[in-house]
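Just so it is clear, the model here is predicted, and its values are computed rather than measured. Side chains included, hydrogens not; waters and symmetry mates left out as well; all remaining heavy atoms used.
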Amino acid sequence: MQGRLSAWLAKHGLVHRSLGFDYQGIETLQIKPGDWHSIAVILYVYGYNYLRSQCAYDVAPGGLLASVYHLTRIAYGIDQPEEVCIKVFAPRWNPRIPSVFWVWKSADFQERESYDMLGIFYDNHPRLKRILMPESWIGWPLRKDYIAPNFYEIQDAH
(Lines give C-alpha, C1' and ligand atoms only; values in the text may rest on other atoms or scores of the structure.)
Protein backbone atom coordinates (compact mmCIF):
# COMPACT_ATOMS: atom_id res chain seq x y z
CA MET A 1 0.00 0.00 0.00
CA GLN A 2 1.37 3.38 -1.02
CA GLY A 3 1.15 6.24 1.45
CA ARG A 4 0.54 9.92 0.86
CA LEU A 5 4.20 10.95 0.78
CA SER A 6 5.18 8.00 -1.42
CA ALA A 7 2.48 9.00 -3.92
CA TRP A 8 3.71 12.61 -3.87
CA LEU A 9 7.33 11.54 -4.45
CA ALA A 10 6.29 9.23 -7.30
CA LYS A 11 4.21 12.01 -8.87
CA HIS A 12 7.30 14.22 -8.95
CA GLY A 13 9.57 11.46 -10.31
CA LEU A 14 11.64 10.98 -7.15
CA VAL A 15 13.05 7.47 -6.85
CA HIS A 16 12.16 5.64 -3.66
CA ARG A 17 10.58 2.41 -2.44
CA SER A 18 7.63 2.18 -0.08
CA LEU A 19 8.21 -0.21 2.84
CA GLY A 20 4.66 0.12 4.13
CA PHE A 21 3.58 1.40 7.53
CA ASP A 22 4.77 0.67 11.05
CA TYR A 23 2.50 -0.30 13.95
CA GLN A 24 1.61 3.37 14.55
CA GLY A 25 0.65 3.95 10.94
CA ILE A 26 3.81 5.92 10.11
CA GLU A 27 4.84 5.57 6.49
CA THR A 28 8.29 4.05 5.92
CA LEU A 29 10.29 4.72 2.76
CA GLN A 30 13.60 3.44 1.42
CA ILE A 31 15.87 5.93 -0.34
CA LYS A 32 19.11 5.06 -2.15
CA PRO A 33 22.26 6.69 -0.70
CA GLY A 34 22.93 8.58 -3.94
CA ASP A 35 19.45 10.14 -3.88
CA TRP A 36 19.22 10.80 -0.15
CA HIS A 37 20.64 14.32 0.08
CA SER A 38 18.50 15.80 -2.69
CA ILE A 39 15.36 14.09 -1.37
CA ALA A 40 16.18 15.30 2.16
CA VAL A 41 16.29 18.90 0.91
CA ILE A 42 13.01 18.38 -0.96
CA LEU A 43 11.38 16.92 2.17
CA TYR A 44 12.57 19.89 4.22
CA VAL A 45 11.11 22.33 1.71
CA TYR A 46 7.92 20.23 1.58
CA GLY A 47 7.53 20.86 5.31
CA TYR A 48 9.39 18.09 7.15
CA ASN A 49 11.23 20.65 9.26
CA TYR A 50 12.01 18.51 12.31
CA LEU A 51 14.39 15.56 12.50
CA ARG A 52 12.97 13.72 15.50
CA SER A 53 15.69 11.09 15.57
CA GLN A 54 18.35 9.39 13.51
CA CYS A 55 19.69 5.96 14.33
CA ALA A 56 21.40 3.09 12.57
CA TYR A 57 21.46 -0.68 12.75
CA ASP A 58 23.18 -3.70 11.28
CA VAL A 59 20.63 -5.58 9.17
CA ALA A 60 22.42 -8.96 9.27
CA PRO A 61 25.94 -10.31 9.79
CA GLY A 62 27.82 -9.58 6.59
CA GLY A 63 24.80 -7.74 5.21
CA LEU A 64 23.72 -4.15 4.80
CA LEU A 65 23.89 -1.31 7.31
CA ALA A 66 20.86 0.96 7.66
CA SER A 67 20.58 4.60 8.66
CA VAL A 68 17.07 5.52 9.80
CA TYR A 69 15.60 9.03 9.94
CA HIS A 70 12.32 9.92 11.68
CA LEU A 71 11.00 13.18 10.24
CA THR A 72 8.08 15.26 11.43
CA ARG A 73 6.11 17.97 9.67
CA ILE A 74 5.37 20.63 12.27
CA ALA A 75 3.13 23.56 11.39
CA TYR A 76 0.83 25.91 13.26
CA GLY A 77 -2.83 24.95 13.35
CA ILE A 78 -2.25 21.23 12.82
CA ASP A 79 -3.40 18.96 15.63
CA GLN A 80 -1.57 15.83 14.50
CA PRO A 81 1.87 16.38 12.93
CA GLU A 82 2.63 14.22 9.89
CA GLU A 83 5.52 11.81 10.36
CA VAL A 84 7.62 9.66 8.04
CA CYS A 85 10.42 7.16 8.54
CA ILE A 86 13.22 7.09 5.96
CA LYS A 87 15.64 4.15 5.68
CA VAL A 88 18.88 4.44 3.75
CA PHE A 89 20.79 1.17 3.27
CA ALA A 90 24.52 1.00 2.55
CA PRO A 91 26.87 -1.94 1.91
CA ARG A 92 29.11 -2.75 4.88
CA TRP A 93 32.25 -2.83 2.70
CA ASN A 94 31.73 0.88 1.83
CA PRO A 95 29.02 2.35 4.08
CA ARG A 96 28.80 5.92 2.79
CA ILE A 97 25.65 8.02 3.12
CA PRO A 98 25.34 11.77 2.52
CA SER A 99 25.05 13.70 5.77
CA VAL A 100 21.90 15.73 6.35
CA PHE A 101 23.62 17.96 8.93
CA TRP A 102 23.25 20.95 6.60
CA VAL A 103 19.50 20.27 6.28
CA TRP A 104 18.70 19.41 9.91
CA LYS A 105 21.36 20.54 12.40
CA SER A 106 20.06 18.03 14.95
CA ALA A 107 21.64 15.26 12.86
CA ASP A 108 25.08 16.26 14.19
CA PHE A 109 25.54 14.04 17.26
CA GLN A 110 23.16 11.38 15.96
CA GLU A 111 25.15 10.77 12.77
CA ARG A 112 28.36 10.83 14.80
CA GLU A 113 27.00 8.11 17.08
CA SER A 114 26.03 5.98 14.07
CA TYR A 115 29.54 6.44 12.71
CA ASP A 116 31.10 5.58 16.07
CA MET A 117 29.06 2.43 16.70
CA LEU A 118 28.56 1.05 13.16
CA GLY A 119 31.18 2.73 10.97
CA ILE A 120 28.76 4.46 8.60
CA PHE A 121 30.57 7.38 6.97
CA TYR A 122 28.38 10.45 6.51
CA ASP A 123 29.80 12.42 3.60
CA ASN A 124 30.11 16.20 4.16
CA HIS A 125 29.53 15.97 7.90
CA PRO A 126 31.62 18.80 9.44
CA ARG A 127 32.86 16.88 12.53
CA LEU A 128 32.60 13.18 11.81
CA LYS A 129 34.61 11.62 14.62
CA ARG A 130 33.98 9.25 17.50
CA ILE A 131 31.60 10.53 20.13
CA LEU A 132 31.24 7.62 22.61
CA MET A 133 34.31 5.44 22.14
CA PRO A 134 37.93 6.59 22.53
CA GLU A 135 39.57 7.81 19.31
CA SER A 136 42.00 4.88 19.55
CA TRP A 137 39.20 2.27 19.52
CA ILE A 138 39.47 -0.27 16.71
CA GLY A 139 36.30 -1.53 15.06
CA TRP A 140 32.58 -0.81 15.20
CA PRO A 141 31.01 -2.23 18.39
CA LEU A 142 27.38 -2.53 17.23
CA ARG A 143 28.09 -4.48 14.07
CA LYS A 144 26.85 -8.04 14.34
CA ASP A 145 30.20 -9.38 13.15
CA TYR A 146 32.21 -7.34 15.69
CA ILE A 147 34.56 -9.39 17.82
CA ALA A 148 34.92 -7.86 21.27
CA PRO A 149 38.48 -7.61 22.59
CA ASN A 150 39.30 -10.09 25.34
CA PHE A 151 40.56 -7.34 27.63
CA TYR A 152 38.98 -4.33 29.23
CA GLU A 153 40.88 -1.55 30.90
CA ILE A 154 39.20 -0.35 34.06
CA GLN A 155 40.46 3.04 35.09
CA ASP A 156 40.01 4.41 38.59
CA ALA A 157 38.02 1.40 39.75
CA HIS A 158 37.55 1.16 43.49
Side-chain angles (χ1 to χ4, degrees), residues 3 5-6 9 14-44 48-74 81-158:
L5 181 60
S6 181
L9 290 171
L14 299 168
V15 179
H16 70 287
R17 180 175 159 222
S18 178
L19 300 177
F21 297 85
D22 70 4
Y23 71 99
Q24 293 179 316
I26 296 173
E27 187 175 9
T28 304
L29 304 175
Q30 178 183 345
I31 308 291
K32 292 181 182 177
D35 299 329
W36 173 224
H37 189 265
S38 59
I39 290 179
V41 171
I42 291 166
L43 291 175
Y44 184 84
Y48 287 93
N49 52 5
Y50 179 60
L51 174 65
R52 191 174 45 147
S53 69
Q54 184 277 332
C55 62
Y57 66 94
D58 189 349
V59 177
L64 298 171
L65 300 174
S67 186
V68 182
Y69 300 83
H70 296 273
L71 306 174
T72 305
R73 211 173 161 182
I74 298 177
E82 190 177 329
E83 299 180 38
V84 67
C85 175
I86 305 290
K87 293 186 177 186
V88 182
F89 295 97
R92 78 185 322 97
W93 54 269
N94 186 21
R96 301 193 84 81
I97 295 173
S99 174
V100 293
F101 171 82
W102 301 107
V103 180
W104 298 284
K105 297 289 192 237
S106 59
D108 186 12
F109 284 5
Q110 297 175 64
E111 287 182 342
R112 284 180 59 192
E113 182 179 355
S114 296
Y115 162 73
D116 193 8
M117 296 287 106
L118 290 154
I120 299 173
F121 292 89
Y122 292 92
D123 295 332
N124 296 320
H125 190 285
R127 294 177 289 279
L128 191 63
K129 61 180 185 174
R130 291 198 182 268
I131 191 169
L132 299 172
M133 304 302 287
E135 285 292 327
S136 61
W137 195 266
I138 297 172
W140 315 108
L142 289 185
R143 285 194 182 187
K144 292 182 178 178
D145 55 2
Y146 178 72
I147 298 171
N150 60 2
F151 67 90
Y152 293 95
E153 182 177 328
I154 300 176
Q155 297 177 353
D156 301 323
H158 299 302

Novice: Kindly determine whether Tyr115 and Trp140 satisfy ring pair (Phe, Tyr, Trp, His ring centres under 6.0 Å), including the steps that lead there.
Specialist: CA-CA 8 Å; Tyr115 162 73; Trp140 315 108; 5.3 Å; yes

Novice: Measure up the Tyr69 and Trp36 rings against each other and bin them: parallel (under 30°), tilted (30 to 60°), perpendicular (over 60°).
Specialist: tilted

Novice: With a 4.5 Å cut-off on side-chain heavy atoms, are Tyr48 and Glu82 touching?
Specialist: yes

Novice: Does a side-chain heavy-atom distance below 4.5 Å link Val59 with Arg92?
Specialist: no

Novice: Just wondering, do Pro126 and Trp102 contact through their side chains at under 4.5 Å, heavy atoms?
Specialist: yes

Novice: Are any non-hydrogen side-chain atoms of Leu71 and Ile86 less than 4.5 angstrom apart?
Specialist: yes

Novice: Heavy-atom distance under 4.5 Å between the side chains of Pro98 and Asn124, does that happen here?
Specialist: no

Novice: Once rounded to the nearest 0.5 Å, what's the spacing between atom CG of Leu128 and atom CZ of Phe121?
Specialist: 7.5 Å

Novice: Does a side-chain heavy-atom distance below 4.5 Å link Asp58 with Tyr146?
Specialist: no

Novice: Would a 4.5 Å heavy-atom cut-off, applied to side chains only, mark Val103 and Leu43 as touching?
Specialist: no

Novice: Could you give the distance from CZ (Arg52) to CD1 (Ile26), rounded to the nearest 0.5 Å?
Specialist: 5.0 Å

Novice: Restricting to non-hydrogen atoms, name the atom on Arg127 and the atom on His125 that form the minimum distance, rounded to 0.1 Å.
Specialist: N-ND1, 3.1 Å

Novice: Take atom CZ in Arg17; do more than 12 heavy atoms of anything else shown fall under 6.0 Å from it?
Specialist: no

Novice: Is the count of non-hydrogen atoms from other residues, nucleotides or ligands lying under 6.0 Å from Lys32 atom NZ greater than 12?
Specialist: no

Novice: Specify the closest pair of heavy atoms between Gly139 and Arg130, including all atoms of both residues, with the distance to one decimal.
Specialist: O-NH2, 2.8 Å

Novice: Going from CD1 on Ile31 to OG on Ser38, what distance comes out if it is rounded to the nearest 0.5 angstrom?
Specialist: 9.0 Å

Novice: Drop me the distance from Tyr57's OH to Lys87's NZ, to the nearest 0.5 angstrom.
Specialist: 3.5 Å

Novice: CD1/Ile97 to CG/Leu65 distance, rounded to the nearest 0.5 angstrom?
Specialist: 8.0 Å

Novice: Please tell me whether Ser67 and Gln54 have a donor and an acceptor in their side chains that are separated by less than 3.5 angstrom.
Specialist: yes

Novice: Would you confirm whether Glu111, through its side chain, and Val100, through its main-chain N or O, come within 3.5 Å as a donor-acceptor pair?
Specialist: yes

Novice: For Ser6, enumerate each residue passing the side-chain contact (heavy atoms from CB on, under 4.5 Å) test, keeping only those at least two apart in sequence or located in another chain.
Specialist: Gln2, His16, Ser18, Glu27, Leu29

Novice: For Phe21, does the CZ atom have more than 12 heavy-atom neighbours from other residues, nucleotides or ligands under 6.0 Å away?
Specialist: yes

Novice: Nearest 0.5 angstrom please: Arg112 CZ to Ser99 OG, how far?
Specialist: 11.5 Å

Novice: Does NZ or CZ of Lys105 come closer than 6.0 Å to the centre of the six-membered ring of Phe101, within 45° of the ring's axis?
Specialist: yes

Novice: Is the shortest heavy-atom distance from the side chain of Glu113 to the side chain of Leu118 under 4.5 Å?
Specialist: no

